[in-house]
Amino acid sequence: MAGIVSRNFDSADETRPFKEGKGRLDLITTDRGPVGRAVFEPGWQWSKHIKPIAGTDSCQAAHTGYVVSGRMKVTMDDGETGEFGPGDFMDIKPGHDAWVVGDEPCVALDWVGFGDYAKPAGT
């Protein structure tokens, strides 16, 4: 195992496109698990662009990460809401919907929840 690892998301191990071209997930596999960079395009919403891929009523992934740019609103199944923007740390439990706020893509890094994110159910 190397003492220093340098990887670039532009050369990710896997890229998963979202429905209707509304973004993508770039995934890097590390010794400590997957790390993802998601680019959510304006107009993206989990319930429209990931739900058909995931096959669940709401996002069942936990997310621990960082918003690089853009804005995203999250609504939990119980109605709790939050909004994240550039520089924000995020910790979101399973059971939520989310969407891009505004006309700028939202770019987020996630160390917890992107391993199975936007992966077709059963794969």
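For clarity, every value in this text was computed on a predicted model and none was experimentally measured. Atom set for the values below is all heavy atoms of this structure, side chains included, hydrogens, waters and symmetry mates excluded.
Contact between A118 and I50 at its shortest, heavy atoms only, is CB-CD1, 4.0 Å. In terms of heavy atoms, I53 sits closest to P17 at CD1-O, 4.1 Å. In terms of heavy atoms, L27 sits closest to G36 at CD1-CA, 3.9 Å. Listed here is the closest heavy atom pair of D88 and E83: OD2-O, 4.2 Å. Across all non-hydrogen atoms, the minimal contact from G43 to H49 is O-CE1, 3.3 Å. When every heavy atom of A108 is checked against every heavy atom of M90, the shortest pair comes out as CB-CE, 3.8 Å.
Note that CG of D26 is 10.5 Å distant from CZ of R16, once rounded to the nearest 0.5 Å. To the nearest 0.5 Å, atoms CE (M72) and CH2 (W46) are separated by 12.5 Å. Rounded to the nearest 0.5 angstrom, E104 CD and R71 CZ are separated by 10.0 Å.
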Give the table of side-chain donor-acceptor pairs shorter than 3.5 Å for residues 91-99, with sequence neighbours excluded, one pair per line with atom names and distance.
from : atom 1 : to  : atom 2 : distance (Å)
H96  : ND1    : K93 : O      : 2.9
D97  : OD1    : S47 : N      : 3.0
D97  : OD2    : Q45 : NE2    : 2.9
D97  : OD2    : S47 : OG     : 3.0

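Note on V107: it clusters hydrophobically with W111, by side-chain heavy-atom contacts below 4.5 Å among ILVMFWY residues. F84 and V39 fall into different hydrophobic clusters, where Ile, Leu, Val, Met, Phe, Trp and Tyr residues are linked whenever their side-chain heavy atoms come under 4.5 Å apart, directly or through other members. Residue L109 is grouped with residue I28 when hydrophobic side chains (ILVMFWY) are merged at heavy-atom distances under 4.5 angstrom, including chains of intermediate members. Under a hydrophobic clustering in which Ile, Leu, Val, Met, Phe, Trp and Tyr are joined whenever their side-chain heavy atoms come within less than 4.5 Å, directly or via other members, V101 and Y66 fall into different clusters.
Using a distance-only test at 3.5 Å, with no hydrogens or angles considered, a donor-acceptor pair links the side chain of D13 to the main chain of T29. Judged by distance alone, the side chain of K119 and the main-chain N or O of A54 form no donor-acceptor pair under 3.5 Å.
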Exercise. Could you walk me through whether F9 and V35 pass the side-chain contact (heavy atoms from CB on, under 4.5 Å) test, one step at a time?
Key: CA-CA 9 Å; F9 283 104; V35 178; 3.8 Å; yes

Self-check item: Worked check of side-chain contact (heavy atoms from CB on, under 4.5 Å) between V100 and E41
Solution: CA-CA 7 Å; V100 171; E41 296 293 340; over 6 Å; no

Quiz item: Should D57 and K51 be marked as a side-chain contact (heavy atoms from CB on, under 4.5 Å) after you check the CA-CA gap, both sets of side-chain angles, and the distance that decides it?
Solution: CA-CA 7 Å; D57 288 335; K51 180 178 179 174; 4.2 Å; yes

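Remark: D78 CG is packed, more than 12 non-hydrogen atoms of other residues, nucleotides or ligands lying under 6.0 Å away.
Classification of the Y117-F40 ring pair by plane angle, with boundaries at 30° and 60°, yields perpendicular.
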